[in-house]
Each structure stands twice: as structure tokens, then as C-alpha cells.
K.L.:
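Here it is: the structure, laid out below.
Because the structure is predicted, anything quoted here is derived from the model rather than measured.
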Amino acid sequence: QVHVVESGGGSVQAGGSLRLSCRGSGFEYSYSRYSMGWFRQAPGKAREGVAVIDGDGSTRYEDSVKGRFTISRDNAEITLDLQMNNLKPDDTAMYYCAVAGLFIRPRLPLRPVDFGAWGQGTQVTVSS
């Protein structure tokens with residue numbers, strides 16, 4: 001039973017930064033075999049992909065965050081991070097850490113169906 005738990009959300013002013021973290025446990029195989037992603041969901045909107053990182057460190061970003069966000073992972077610590085810089089009000093959402101299915105290297109645009117385990121979410125609020 002895979003568990004992932006996010007932390008690091010909060011309230012910041014536009015232009016500020018936050019670093020989200022996700023800690024995992026319960027992986028059947030080595031953590032490095034799983035691609036990991038970040039999604040977000042704002043009220044009244046569908047869940048949308050933010051970024052994904054494969055076990056080998058390859059990264060892909062949705063256009064909305066490209067150049068501002070950086071996804072990273074530590075396979076030894078079984079953690080995932082999202083450094084968010086130059087935050088904008090449109091970044092306001094609940095952010096979720098997600099685990100891709102084995103053998104899956106999710107392509108853009110990210111699809112929730114490619115991810116099988118989700119965290120509880122951490123709220124990010126950006127004020128203007």
C-alpha cells in the first residue's frame with residue numbers, strides 16, 4: 001500500500017516562493033522505478049498536471065509553470081519536491097503528489113489516469 005504525504009503549502013504574495021515536499025512509503029519495488037508527478041486543482045476547475053519526474057531524473061513541465069517551478073526527487077530518501085518561484089494568483093490551488101503506475105513514464109499533457117496513488121493535498125494560496 002503506497003502512501004505519499006505532501007507538506008509545505010501556505011499563503012504567499014505574488015512573486016513569492018514556496019517549496020512543496022512529498023514523502024513516500026510502502027512501494028513494492030524500488031522508488032526509482034516510479035515516475036512521480038505534481039498536480040493541482042483550483043475550486044471549480046479540473047485537476048491539472050504541473051510537472052513529472054522519472055526515476056532517472058528526466059523532467060517535464062506543463063507550460064503554465066515552465067521556467068518558474070522545478071520538480072526534483074531523492075530516490076534514497078523516497079521524497080519528491082516542487083520548488084515554486086515567482087508565484088502568481090493563478091497558481092492558487094490544492095497541490096497533490098502522485099505516483100505513476102509501474103512502467104509508466106507519463107507524457108504531456110499529464111493525465112491523472114496514469115497515476116495510481118495520491119497524497120491528501122496541500123493548499124497553496126497566492127494573493128495579489
Side-chain angles (χ1 to χ4, degrees):
Q1 184 179 359
V2 176
H3 272 93
V4 288
V5 180
E6 305 94 335
S7 62
S11 298
V12 298
Q13 293 188 10
S17 298
L18 282 174
R19 186 176 182 87
L20 307 183
S21 295
C22 171
R23 184 171 297 278
S25 63
F27 292 91
E28 182 175 5
Y29 304 102
S30 174
Y31 176 54
S32 65
R33 296 183 63 177
Y34 301 85
S35 293
M36 298 288 294
W38 286 99
F39 286 76
R40 65 187 183 184
Q41 187 166 26
K45 293 190 174 183
R47 190 174 302 176
E48 65 173 350
V50 175
V52 65
I53 183 168
D54 301 323
D56 63 1
S58 298
T59 60
R60 296 174 292 285
Y61 299 87
E62 299 289 359
D63 288 343
S64 60
V65 307
K66 194 175 302 179
R68 299 187 298 121
F69 291 10
T70 302
I71 188 171
S72 61
R73 65 190 292 161
D74 188 328
N75 288 334
E77 297 293 328
I78 312 181
T79 56
L80 175 75
D81 294 288
L82 184 70
Q83 178 65 47
M84 305 185 295
N85 297 326
N86 191 25
L87 284 161
K88 307 176 184 298
D90 282 350
D91 294 320
T92 295
M94 186 74 73
Y95 282 71
Y96 298 91
C97 169
V99 184
L102 202 62
F103 309 121
I104 303 298
R105 294 170 65 96
R107 293 174 285 185
L108 300 178
L110 298 179
R111 304 188 307 159
V113 72
D114 285 340
F115 298 80
W118 299 78
Q120 83 290 347
T122 186
Q123 179 68 40
V124 171
T125 301
V126 184
S127 60
S128 60

K.L.:
Can you tell me how far apart CZ (R23) and OG1 (T79) are? Round to the nearest 0.5 Å.
P.N.:
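Nearest 0.5 Å value for the CZ-OG1 distance: 6.0 Å.
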K.L.:
With a 4.5 Å cut-off on side-chain heavy atoms, are P109 and E62 touching?
P.N.:
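In short, these two side chains touch, coming nearer than 4.5 Å.
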K.L.:
Take the angle between the ring planes of Y95 and F69 and call it parallel below 30°, perpendicular above 60°, tilted in between.
P.N.:
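Tilted.
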K.L.:
Take Y31 and L80 through the side chain to side chain contact (heavy atoms under 4.5 Å, CB included) test and state the conclusion after the steps.
P.N.:
CA-CA 11 Å; Y31 176 54; L80 175 75; 3.8 Å; yes
K.L.:
Answer yes or no: is there an ion pair linking K66 with D63, defined by an N-O contact shorter than 4.0 Å?
P.N.:
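Here K66 pairs with D63 in a salt bridge, since their nearest N and O are under 4.0 Å apart.
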K.L.:
How close do C22 and V4 get, heavy atom to heavy atom, and via which atoms?
P.N.:
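For C22 and V4, the tightest heavy-atom pair comes out as SG-CB, 3.6 Å.
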K.L.:
Could you check whether D114 pairs with R107 (Lys NZ or Arg NE/NH1/NH2 to Asp/Glu carboxylate O, under 4.0 Å)?
P.N.:
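No salt bridge links D114 with R107.
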K.L.:
Hey, what do you get for OG (S64) to CG (D91), rounding to the nearest 0.5 Å?
P.N.:
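Separation between the atoms: 7.5 Å.
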K.L.:
A side-chain contact here means heavy atoms from C-beta on lying under 4.5 Å apart; do V5 and Q120 qualify?
P.N.:
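Yes, their side chains come closer than 4.5 Å.
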K.L.:
Drop me the distance from S17's OG to N86's CG, to the nearest 0.5 angstrom.
P.N.:
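Going from OG on S17 over to CG on N86, the span is 8.0 Å.
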K.L.:
Once the angle between the rings of F39 and F115 is folded into 0 to 90°, is it parallel (under 30°), tilted (30 to 60°) or perpendicular (over 60°)?
P.N.:
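F39 vs F115 ring planes: perpendicular.
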K.L.:
Nearest 0.5 Å, please: how far is OG1 in T92 from CZ in R40?
P.N.:
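The CZ atom of R40 sits 9.0 Å away from the OG1 atom of T92.
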K.L.:
Using every non-hydrogen atom in the two residues, find where R105 and S58 come nearest and quote the distance to one decimal.
P.N.:
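Looking at all heavy atoms of both residues, the closest pair is NH2-OG, 4.0 Å.
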K.L.:
Compare every heavy atom of L18 with every heavy atom of L87, then report the nearest pair and how far apart it is.
P.N.:
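In this case the closest contact between L87 and L18 is CD1-N, 3.8 Å.
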K.L.:
With the side chain counted from C-beta on, respond yes when W38 and M84 share a heavy-atom pair under 4.5 Å apart, and no when they do not.
P.N.:
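Counting from C-beta outward, W38 and M84 never come under 4.5 Å.
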K.L.:
Compute whether any side-chain donor of one residue and acceptor of the other, for D81 and Q83, lie under 3.5 angstrom apart.
P.N.:
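The criterion, which ignores hydrogens and geometry beyond distance, is not satisfied for Q83 and D81.
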